Amino acid sequence: MRYLPHTDNDVAEMLSVIGANSLDDLFAAIPEACRRQDALDLPEAMTEWELNKHMGRLASAMAVCPEYLVFMGAGSYDHYIPEAVKQLLGRSEFYTSYTPYQPEVSQGTLQAIYEYQTLTTRLLGLDVANASMYDGASGLAEALLMAIRVTRRKKVYVSQLCHPLYRQVVQTYFEPTGYEVVELPYRDDGRTDFSGITDLEACAGIAVQSPNFLGCIEDIATLSENVHTDPKTMLIVSFTEPLAYGLLKSPGILGADIACGEGQSLGIPRSFGGPGLGMFAAKKAYLRNMPGRLVGQTKDLDGKRGFVLTLSTREQHIRREKATSNICSNQGLCATAAAMYMAALGGTGVRELAQLNHDKAAYLKGALNQAGLETPFGAPFFNEFVVRLPGSSEETYNRLLSEKIVAGLPLASFYPELEGHYLMCATETMDREDMDLLVKEVTS
Amino acid sequence: MRYLPHTDNDVAEMLSVIGANSLDDLFAAIPEACRRQDALDLPEAMTEWELNKHMGRLASAMAVCPEYLVFMGAGSYDHYIPEAVKQLLGRSEFYTSYTPYQPEVSQGTLQAIYEYQTLTTRLLGLDVANASMYDGASGLAEALLMAIRVTRRKKVYVSQLCHPLYRQVVQTYFEPTGYEVVELPYRDDGRTDFSGITDLEACAGIAVQSPNFLGCIEDIATLSENVHTDPKTMLIVSFTEPLAYGLLKSPGILGADIACGEGQSLGIPRSFGGPGLGMFAAKKAYLRNMPGRLVGQTKDLDGKRGFVLTLSTREQHIRREKATSNICSNQGLCATAAAMYMAALGGTGVRELAQLNHDKAAYLKGALNQAGLETPFGAPFFNEFVVRLPGSSEETYNRLLSEKIVAGLPLASFYPELEGHYLMCATETMDREDMDLLVKEVTS
Amino acid sequence: MKATVGTTGLILNEPLLWELGKKGRMGFSLPRRDVDPAPMDSSLTGEGPDFPHLCEVDIVRHYTRLSSWNFGVDSGMYPLGSCTMKYNPKTNERQAALPGLAQAHPLLPSQLAQGTLGIMYDLERLLAEVTGLPAVSLQPAAGAQGELTGMLLFYAFHKSKNQTRSKILIPDTAHGTNPASAALCGYKSIPVKSNDQGILDPDTVAGLMDEDTAGIMITNPNTLGLFEDNIRQVADIVHAKGGLVYADGANMNAVMGIINVADLGADVLHLNLHKTFSTPHGGGGPGSGPVCVTRELEPFLPVPRVEKSDDQYRLSYDRPGSIGKIHAFYGNFGIQIRAYAYILSMGPDLKKASQFAVLSANYIKERLKGVYHLPYDRPCMHECVFTDKHLQQHKVTTLDVAKRLIDYGFHPPTIYFPLVVQGAIMVEPTETESKENLDRLVEALIAIAAEAEEQPDRLREAPVVPKVRRLDETTAARKPCLSG
Amino acid sequence: MKATVGTTGLILNEPLLWELGKKGRMGFSLPRRDVDPAPMDSSLTGEGPDFPHLCEVDIVRHYTRLSSWNFGVDSGMYPLGSCTMKYNPKTNERQAALPGLAQAHPLLPSQLAQGTLGIMYDLERLLAEVTGLPAVSLQPAAGAQGELTGMLLFYAFHKSKNQTRSKILIPDTAHGTNPASAALCGYKSIPVKSNDQGILDPDTVAGLMDEDTAGIMITNPNTLGLFEDNIRQVADIVHAKGGLVYADGANMNAVMGIINVADLGADVLHLNLHKTFSTPHGGGGPGSGPVCVTRELEPFLPVPRVEKSDDQYRLSYDRPGSIGKIHAFYGNFGIQIRAYAYILSMGPDLKKASQFAVLSANYIKERLKGVYHLPYDRPCMHECVFTDKHLQQHKVTTLDVAKRLIDYGFHPPTIYFPLVVQGAIMVEPTETESKENLDRLVEALIAIAAEAEEQPDRLREAPVVPKVRRLDETTAARKPCLSG
Ligand SMILES: Cc1ncc(COP(=O)(O)O)c(C=O)c1O
Ligand SMILES: Cc1ncc(COP(=O)(O)O)c(C=O)c1O
């Protein structure tokens, strides 16, 4: 086996240094009763070439571009990833190293993450960003828990237009805690209805996603004003499509205390949902309550600039049960990818690309409208919107599937009242002719 | 344009330092009459994404595995290439550097090539190997020219079973030289007929390929004995499939003075014929007559081992018109790939893989024979052999093409007497069921 | 210091991203516009983030240079204890990058996602076989999230019995994530002292276990690299009081094919695919922390579960007992692919991997035990723990040894963990290091011990070879500078 | 030496391949055997080559470490004159690796190879447009083979006129491959002295050109980075005597969109795709050296030619006048793909590339001309040549400057070439280096000039930063050790 270096001779020599007679001897200390009796019942090892064939077959069973047109976002977005980013991520010094516990031999990772943190604060308009959370969902759960820690209150509000799967994760995290999660309904225009919040003084935090799950841009500014009438209540802005902030006002500018969400959009392949990137940023005041790793700048003995993991007194390996989170391994390489991607875009690129995303979605929405389809929610949107498919929606949807078009995400399973409605996404990867084809096929 | 860093400001500042008013000014020294009047009539620049689509379309217009079964060798072989080799070759310090003129910052390339040279001498059984020639064909031409230089004789013999395309290149190289190239016919068993050589004393060198173009293994030992009855005449063994020497006696062991050929087989993708690798090795006595670059071991000022380009007094940049060759850029990265591949195989692997190649080809040959097909040449073979396709051969061949099977190389265009004969190859990449399918389809 | 793996050479400096670049440059190829601009309401638009403006070559050089300041498994030996820094096979990277997998949308209708679902289904089956626990969820994104999932399973299990328990037993050798994960679930951690053999004493556990205790979290082999001999008795004690046994499987690399986790009495186990199953650690992540459970706990596993019927895979959300979702989608699928590729490539040789991992650790232990203080002198599993006790007379610490090892060209071992050992030096060689490499590490550590005696300043000032020397962590924490 | 790009850091030693490993290891996954062994006649079989036995991780570390001893364009600025070390775009690598292209057999029937043939056809057209010469062969594997092809075309042309000519004019500034290629073709090189402006004098050429002279090889811009102002007169002189004009296009990066090579009177031109067209140099190759010719010379081009009719591409061998084949197949196709991708990505901006390349070289020339001796003080094209004349008083040479530049973190310029300039320092920045990088290089060279005055030993002992110091090239050549 090409991964295993030990020759018979090596084994014999090592056993003799140890004073053992056989490999089995090494496990003599394990009580008999604990020993496995049967051999591992695993398929015979594949050669590298068999594996390639096998995986090729599996991969070819997937509906991906260019064979399929997938008009689906819903928390996982199709964006072009520069080849340079892919190849740089393949530098094995990055991907085969561990968490940078030994800063002298990890300056590459550390500077890369420091830069990620910085670009993230700039994107989200907040003071500090951590080195990543697992994903947008657990990030939201941790943000809510953080608000509870900070405010010592026990109730949070979460917009129903936060990603339904994120809300499920929040429920899971909250189940054993005894804290209360109240969901906020949405209005006809596709934005959250905050009018039901009457007890701000009891509320640790309010979470809203923007652009929200229906693709609409929430009125965070007004919300922030209202929320911050209570000096403690925290405003948490969640997101699934951070590219939007290339164009839209950032959560921080709009008054968010915490912004957290999924960064997959920023140069990370969809990979059937993971690995992605939990982005997490907050106002400086909350720094010591933040979950997750932080990289900080410092100097070495000679006064040279360098970077280290810092403020680890918040973390599990120092604080154990009192830690701000249990997170240890995070999504470091994805954070690095996002930094590379943001650097490649640059200030000009991020804005132009964001605008283009909006333009594509607007084109598609317009074309669908023109073809007579309803798009019920009137609020401004970024690159996603909801459309009602005509006729028997499900039939239409399935017919399109057979034409190799995935016409968005059926919303009924998440919002039963939206039976027949589909969440459509068009990013920069959709050509006009692709969209025209969709419109044609939908209406044919 | 993402490759061009100069901003308008940069340009203005630089122009002002230079004292020029415009970019056009920089070219003022070029006489008006030499200036191009029209703009470049090139297609509008493609975006990275348009390029990907465009190239994807072109690539999909090719007949390659797994869609097609290609039983064709003939100087370009399908072998498995370990993913590790591919990824290591992608280390940009290797591929974005120039020829190692500055050894202190090129030790990576230099050691890699030194190792390549060493593994090549071991594979070919000779004393010295150069850092590479362009390909097997020009290597053969240069070997023959070298023999002429060494012996000061003006005539060479070349077996007709050397790769026909290599012989064409030899003809091209020899055309203006006035030296004589005599081709040697072949015998019924598929080996070269050397009986026509009666003037050894006038002959600078005799070139034979083994395994030869019909797949047969030549009797180099006997040939060597005969050739070396003249103390000067040089025996040149050419090859297209160096993997064979994992199993067969090496050219050097059998008495070759020079061994040269194509190294594509050793971990280099076929890439429609290039880049490949001209491997070139000789006996030590001929070292100073060798073409091409050489890397040698030496020491630095502190006595540390290091590597440099050496013996460059043979080369064009020092010797100009008196150089042993005009070669400058060679196929360095391919040589590195071959070294990686040989190192991955190791002594055990190269032998087992070579054996397996033979076994596959033997299986296929046996199965075709069993199905009643003629394989006219009786000499031992490695992983290629000649078969006569039944019926109207061309129709059969074309029928198989439409079944996505490329049933070898039609030999008629190279050897008109072999009308209806096809050169078949089976390497380790052919599964038994693929071969069975070929046999079934051939005979159906 | 004689010829070592580590030496000095040319390294290139590189500023921070935003210290580079100029407006007017761009490293990204903007897609061609084929639709009209649709202006966004200006009340919604911002200034746009202040990102630097770089060309492609700037970005390429930036990260190429940064990478050269890093030490990875591909650079050399990385005996970081508890982290199983084994070789990360290149074929795994290839498979994860296959467009059909890397470009797959997670919410594709299942009939269009048979490849990815099939991988998940099969990987679950393979992990079940390796661990002996029959039901698996791949959803946790890392070991710690696996632990949290496990604690949530405990909670759900007890709740299904109409109980809420408030405590959890955690040995003093446990990783920090164990108590932190338990705390997230509202459990109060009750530390269990390990005995003078470095393992759990059943009596101690019996003394602590009660009916308000949800169960115990055991790492086996534990973080001292020792097998918990009494695991079955401990499990029995816990089970007898209605508790459950959580196994932290971070150290599974020692025991594949050797033990069956279910037989040990474990109810839940998490695996770190980024340790045992050769997936790269990515400089901090992404990892993957599947949980394997008994049939009894299966109903509580996160949704969705992957099911197979009529040769079709599908996702099922219909599990009323489930704790719910722990990840937005199905966890770090790209990492799961790599582990899947690894298991298919190794087959039954996984057992050999464990045997060799243990062989190597014992070999190092034997060769170094006269040189460095070995707090528990007994056969170890996949790692061994030394201390700096012998060095204290020279005023040299574990930290100094670790830093000096960098100059020798090795990544340091894990240090100061587990906490129960003062000045711990935790060496995990893994099975992919050849005997020659083990010997080189041993010789380096012996040379360093000699230096500690003869030239202790060499250690205190180490490392001197890398681009930066020791960094001021105190100031970093006192005056945090977390962005530029 | 103040803060520079170059610094020292951890670099890992690595022995030679065969100093590693042990029989019993293998880094290759042997395919499964599904057929019976077919023993080879034992009289034919050998011992098998003595290759080392390594695991995959050994190979990965070996080459990862070796790579870290190298400096490439991705590491930093590489102003190697005459080599056009511009940025090598990553997308080019992607395209060349597409399985449909990388796995294509060269002898596929043309109907099964429309993709590769289409690329070759289009690339020929694109290069024809860039150069102005209408017919192109992509077959030469590098610049020097392009030159040889050109000489063979000269030979064939004259032969078609029933002439054999024995001489060829070659300026003293020419690259060594020019005379070497001509010699391969049996031509005797007649050196042509350049004038005090560094360029060809028509009178000198007129004095040498005769009817036994096949033609002239001109590099334009020449290797001094100067445009050959008199090229048209020279061409006229040569043509008047029935000779042909060969243009060495290694320096094409200066003049894309600026000149039309045909208008200059050139009959044949080779391009170095690995210079002007951004393909990587691979540490020595593979390159690609297409030749572009006039319609008059087209009949002599190598076979096969790529043809297009009815939207189908095919290879044609039916060219009775052809010089034949120069490469077994179609040249370094994988490199052609990269150049094709580059041209499609740049489009008409190729002209900008040339403009900026020339801008940058002139900028450097202006900034340094007071510091280093500039033998030809006139506007340059894409590169500029200095000498060590001012440094001789300090007993410091061009070599010392080059080596010291390494310590500063730059790849040295080309040195001691062209031969007509004593102690030449030939700087070619290329258009992909930002002004900031140019400034950094300039500052480094100014600092080095100051060091030459104040601390000349720093230069003589340089480099001190890389893993190895200056190497003993004399012994290497005197007692060659070419394999281990
Ligand atoms: C024993 C043990 N448990 C748990 C963990 C946490 O795993 P992860 O980092 O994947 O969250 C680790 C990681 O170092 C560990 O060593
Ligand atoms: C002016 C000039 N001509 C020809 C060549 C030869 O090109 P190649 O190395 O591709 O053979 C070079 C290469 O350095 C050159 O600079």
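Per chain, numbering begins at 1; letters A, B, ... match sequence-line order. Only a predicted model underlies this, so the values are computations on that prediction, with no experimental measurement involved.
- Residues I259(C) and F227(C) meet the side-chain proximity criterion, which asks for heavy atoms closer than 4.5 Å.
- Atom NZ of K304(A) is surrounded by more than 12 heavy atoms from other residues, nucleotides or ligands within 6.0 Å.
- For a residue to count as touching a neighbouring chain, one of its non-hydrogen atoms must lie under 4.5 Å from one of that chain's; by this rule Y98(A) touches chain C with backbone and side chain alike.
- In this structure, the portion of Y68(A) lying under 4.5 Å from any heavy atom of chain C is its side chain and not its backbone.
- When T121(A), V308(A), D41(A) are compared by the number of non-hydrogen pairs under 4.5 Å with chain C, D41(A) comes out ahead.
- Only the side chain of R351(A) comes within contact range of chain C, with at least one heavy atom under 4.5 Å from a heavy atom of that chain.
- The choice from A343(A), A84(A), G306(A), G276(A) that makes the most heavy-atom pairs within less than 4.5 Å of chain C is A343(A).
- With a 4.5 angstrom heavy-atom cutoff, L26(A) touches chain C via backbone and side-chain atoms both.
- For chain A, the option among L108(C), L80(C), I119(C) with the highest count of heavy-atom pairs below 4.5 Å is L108(C).
- Using a 4.5 Å cut-off between heavy atoms, T177(A) touches chain C through its side chain atoms alone.
- Taking the salt bridge (charged side-chain N to carboxylate O under 4.0 Å, His left out) definition, one finds that D50(C) meets it with R122(A), sequence neighbours left out.
- Listed by chain and residue number, L126(C), L344(C) satisfy the side chain to side chain contact (heavy atoms under 4.5 Å, CB included) test with P43(A) (two or more places apart in sequence, or in another chain).
- The closest side-chain heavy-atom distance from N332(C) to H274(C) is not below 4.5 Å.
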